Amino acid sequence: MASKSFSMFLLSLALVLLCLGTAAAQGLQLGFYSKTCPNVELIVRQEMARVISVAPSLAGPLLRMHFHDCFVRGCDGSVLLNSTQNNVAEKDAPPNQSLRGFGVIDRIKARLEKACPNTVSCADIIALVARDAVLLTKGPFWPVPTGRRDGSVSIAQETRQLPTANSTISSLISSFASKGLSVKDLVVLSGGHTLGTSHCTAFQKRISNYTGRGDTDPNLDSNYIPKLRAKCAPNDNTTLVEMDPGSFRTFDTSYYSLVSKRRGLFESDAALLQNSQTRAYVLRQAGGAFASEFFKDFGDSMINMGNIQVLTGAQGEIRKTCAFVN
Ligand SMILES: *[C@@H]1O[C@H](CO)[C@@H](O)[C@H](O)[C@H]1NC(C)=O
Ligand SMILES: *[C@@H]1O[C@H](CO)[C@@H](O)[C@H](O)[C@H]1NC(C)=O
Ligand SMILES: *[C@@H]1O[C@H](CO)[C@@H](O)[C@H](O)[C@H]1NC(C)=O
Ligand SMILES: *[C@@H]1O[C@H](CO)[C@@H](O)[C@H](O)[C@H]1NC(C)=O
Ligand SMILES: *[C@@H]1O[C@H](CO)[C@@H](O)[C@H](O)[C@H]1NC(C)=O
């Protein structure tokens, strides 16, 4: 009797473990490639170290690429797909102007296909590249869970889901919430604007014709406006302006200091002062005394973002070339 119930116990324990195992297999994992492609992180790091040493300005766009990928159809590499005869892909939609570095992904993918063919997804490459872009610009390291699979659909129109440079605080919060991300994730990930540059067009209205009456944005420091005007002539659509002047190639907390002084480049940066929670975080980080806290928060929020609607297990595919479905 006792032994029968004990074996029932073992049986149910085995079932529970089986279910847990299945559940884990459906999510992302640390070391997902440890047996199938043990050098994946080394290869990505080597390529990224080379890229950032010769083209440090790519760090911002490569970090942004992960964000653009995850916010449209989940982190499935859809941002990398090329348009075809019958379809305009995300890559060819207006928000792509801030993305560069597709060649970097292609080179890494080519090396990984040599080392371990048909194994590492393009979506995982983007996630690892984003982490290394931050790490190699003196930012934090965080462990990147992997096991994403690549999607097969990329639709230019869907990039409308991305928050824009003129988003209000309420639309930013609801956009992040619709992807399962919190208000804290919003203010923490906005700190990524410590890296990179922007076209003048993204903030031109703020410095020249805010409401159509030749006025400027009252939420922008009036002493900063002449400096921005000196860089951006009225119809300039080519000049790149540093988002975090002076340290745009270093991952640090100076973005929050700028935003607190009403010198954030975008309305979506200024918007962070309009909500009590985001405002409190901006002001706390503006002093620079809690950088290690921001670094930890940033890694945590990147992991959250990297989980958005991922394809795992038997879903999707492992693309051979990141610009094309197999
Ligand atoms: C894919 O598109 C990019 C530009 O979006 C282009 O540079 C690249 O050559 C294309 N790839 C192929 C193989 O056509
Ligand atoms: C971005 O989209 C435009 C069309 O809107 C296209 O001409 C350009 O090649 C695209 N850029 C990249 C990097 O794919
Ligand atoms: C942001 O700018 C776009 C294009 O200029 C405009 O269509 C949209 O209404 C603006 N959004 C907000 C919230 O002002
Ligand atoms: C400002 O915008 C308004 C409305 O869009 C337009 O009529 C006017 O010409 C613009 N002024 C300047 C100086 O660009
Ligand atoms: C930039 O402006 C020039 C001249 O006004 C125009 O011909 C060109 O199409 C614009 N480029 C983009 C990407 O909007």
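Atoms within each ligand, like the ligands themselves, are counted from 1 in listed order. A quick note: this is a predicted structure, and the numbers were derived from the prediction, not measured.
Ranking protein heavy atoms by distance to atom 7 (O) of ligand 4, first place goes to G212 O, 5.0 Å.
The nearest protein heavy atom to atom 10 (C) of ligand 3 is closer than 4.0 Å. Distance check on atom 5 (O) of ligand 4: every protein heavy atom falls at or beyond the 4.0 Å cut-off. Within a 4.0 Å radius of atom 2 (O) of ligand 4, the protein contributes one or more non-hydrogen atoms. In this structure, atom 14 (O) of ligand 4 has a protein heavy-atom contact shorter than 4.0 Å.
Considering N209, T211, D215, N235 only, the shortest heavy-atom separation from atom 12 (C) of ligand 4 involves N209. In this structure, of T201, N166, T164, T168, the residue bringing a heavy atom nearest to atom 8 (C) of ligand 3 is N166.
Salt bridge present: E293 and R284 bring a charged side-chain N and a carboxylate O closer than 4.0 Å. Using a 4.0 Å cut-off between charged side-chain N and carboxylate O, E47 and R50 make a salt bridge.
Here the CG atom belonging to L240 is positioned 4.0 Å from the OG1 atom belonging to T197, to the nearest 0.5 angstrom.
Looking at S182, its side chain does come within 3.5 Å of a backbone N or O of K184 through a donor-acceptor pair. Put simply, the side chain of K109 gets close to the backbone of V120: a donor and an acceptor are under 3.5 Å apart.
The distance between the ring centers of F176 and F71 falls below 6.0 angstrom.
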